[in-house]
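Everything quoted here is computed from the prediction, not taken from an experiment.
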Amino acid sequence: MKEQLLKKISDKSITAGVVGLGYVGLPLAVEIAKAGFKTIGFDLLDDKVNKINRGENYISDVDGAALRALTDNGRLEATTDFRRISEMDFIAICVPTPLDSHQQPDLSYIEHSSIQIAEHLKKDTMVVLESTTFPGTTSDIVRPILEKGSGLMCGKDFYLAFSPERVDPGNAHYKTGNTPKVVGAIGQDAEDVIKAMYESFLEGGVYPVSSPAIAEMEKILENTYRNINIGLINEMAMLCDRMKINIWEVIDAARTKPYGFQAFYPGPGLGGHCIPLDPYYLSWKVREYAFHTSMIETSMMINDRMPEYCVQRIANILNEFSKSLKGSTVLVLGVAYKADIDDCRESPAIRVINVLRKKGAIVRFFDPHVKFYTDKGLIYKGEPALTPELLSEADITVITTAHSCIDYNMVQQYARFVFDTRNATRGVRKRDNIELL
């Protein structure tokens with residue numbers, strides 16, 4: 001089985017499947033197809049499947065021309081028919097892993113995908129879970145589902161591994177194709193074939209570890225590291241505001257040290273799918289071991305309260321102008337969770353907007369990349385353009401996402417007052433109506 005798979009990888013006769021065609025799955029499917037493999041994307045949503053089959057791109061990090069070329073030549077296609085899993089030699093699971101209403105891990109997408117794969121899994125197939133999750137998911141949840149549903153044995157009839165996705169939307173340098181890949185497989189043969197498969201279409205290299213649990217914990221460490229350091233700098237920002245010290249200048253000074261310091265920056269909270277969620281996965285899992293992740297949980301609490309802190313700062317600024325937050329018009333610039341992307345998942349800007357509305361503010365927003373967003377089943381439309389009139393009509397303008405295409409000199413010129421939570425206005429010379437987080 002191993003030697004046959006290695007040969008099929010070498011001669012590009014592998015048929016690859018990617019389950020879940022979102023921010024992780026579609027870029028991965030494109031990279032596999034670009035390398036010369038027949039690639040099929042699986043998703044439950046007809047809209048995504050139909051767009052791919054028409055060569056229409058909906059993920060900003062994917063090259064639209066490359067996607068169209070791959071669909072035109074038949075190298076890449078998409079389907080909702082999971083019976084076609086039986087055609088696959090390699091399957092990557094790239095489905096969401098959200099938190100439920102109680103902030104506990106929701107593995108339903110992983111479990112449902114595993115059940116569907118198991119029904120049609122054939123011998124000699126490589127299966128890799130890429131969805132971020134807690135240690136033990138691959139071995140203790142995915143493996144039993146695959147074995148029970150297929151009647152096949154892991155390590156003997158099919159190969160299984162965990163390889164965490166490393167997608168950074170909007171990163172101009174590191175994409176799916178050139179980012180190093182960690183692989184934790186069950187057994188040496190599985191490591192050999194799955195490592196060879198990834199190396200056949202990724203340029204960033206593959207780093208094998210001894211088990212899926214190591215790879216699962218590694219991913220959580222990556223994002224918990226960032227969560228904790230962002231929590232630290234957010235708390236420092238609150239302290240510096242109390243002491244009337246510019247935190248941004250403090251960070252700029254500290255980052256001149258060539259060793260022992262990595263710059264993190266404050267903001268209105270954490271966004272995206274990974275950093276705000278992964279620490280919750282870990283803190284939930286460690287309860288089985290009677291362990292309390294005090295530092296992690298403290299950073300989570302700090303970051304979680306940043307939207308409310310930002311709203312309080314907004315209220316304080318309005319108070320200086322003898323205005324109440326209730327009834328004031330607040331213009332929010334940016335609802336994407338970070339600069340220069342259209343992704344609103346877990347965006348702190350939306351949390352800021354929700355708190356503002358709850359306190360009676362009239363909120364308008366503009367985002368050059370996001371024309372509307374959906375929250376709790378409701379659709380909120382943004383302003384069509386950022387104009388002097390829009391800026392001057394607002395009692396305060398709040399920058400929650402530092403999109404590089406916005407003219408911040410114009411913002412400063414026409415806004416009554418600017419509260420900048422991202423230091424987006426650092427290049428603006430006149431600053432008498434600007435306050436930084």
Would Y198 and F90 count as a ring-ring contact (aromatic ring centres under 6.0 Å, His included) if you check the C-alpha gap in whole Å, the side-chain angles of each, and the deciding distance to 0.1 Å? CA-CA 10 Å; Y198 277 118; F90 173 85; 5.8 Å; yes
As a quick check of understanding, evaluate salt bridge (charged side-chain N to carboxylate O under 4.0 Å, His left out) for R84 and E87, giving each step before the final call. CA-CA 5 Å; R84 296 193 65 187; E87 302 172 25; 3.0 Å; yes
Steps toward ring-ring contact (aromatic ring centres under 6.0 Å, His included) verdict (Y373, F365): CA-CA 11 Å; Y373 69 87; F365 81 86; 5.3 Å; yes
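- Taking the six-membered ring for Trp and thresholds of 30 and 60 degrees, Y265 and W248 have nearly parallel ring planes, at less than 30 degrees apart.
- A donor-acceptor pair is defined here as one N or O able to donate and one able to accept, closer than 3.5 Å; no such pair exists between the side chain of N303 and the backbone of L270.
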Any chance you could lay out the salt bridge (charged side-chain N to carboxylate O under 4.0 Å, His left out) test for E435 and R313, step after step, and finish with the verdict? CA-CA 10 Å; E435 182 171 319; R313 289 282 299 275; 3.0 Å; yes
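- Scanning both residues, D304 and R351, for their nearest heavy atoms gives O-NH2, 2.6 Å.
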List the steps, then state whether salt bridge (charged side-chain N to carboxylate O under 4.0 Å, His left out) holds for D168 with K338. CA-CA 10 Å; D168 186 17; K338 73 173 190 174; 2.4 Å; yes
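- Of all the heavy atoms in S108 and D106, the pair that sits closest is OG-OD1, 2.7 Å.
- Shown here for A213 and P135, the closest heavy-atom pair between the two residues is O-CB, 4.1 Å.
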Do D81 and T79 pass the side chain to side chain donor-acceptor pair (under 3.5 Å) test, and can you show the C-alpha distance, the side-chain angles, and the key distance before you say yes or no? CA-CA 5 Å; D81 184 1; T79 183; 5.1 Å; no
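- The side chain to side chain contact (heavy atoms under 4.5 Å, CB included) test with H112 is passed by exactly one of V95, V19, L44: L44.
- Across all their heavy atoms, I251 and P266 have their closest contact at CD1-CD, 3.7 Å.
- Ring orientation note: the planes of F82 and F42 are tilted relative to one another, at an angle of 30° to 60°.
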Could you walk me through whether K285 and E288 pass the salt bridge (charged side-chain N to carboxylate O under 4.0 Å, His left out) check? CA-CA 6 Å; K285 180 64 176 178; E288 295 180 15; 3.1 Å; yes
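- Smallest separation of non-hydrogen atoms from P164 and K181: O-NZ, 3.2 Å.
- Annotation: R345, atom CZ; neighbour count of heavy atoms from other residues, nucleotides and ligands within 6.0 Å is above 12.
- Nearest heavy atoms, G22 versus P27: O-CD, 3.5 Å.
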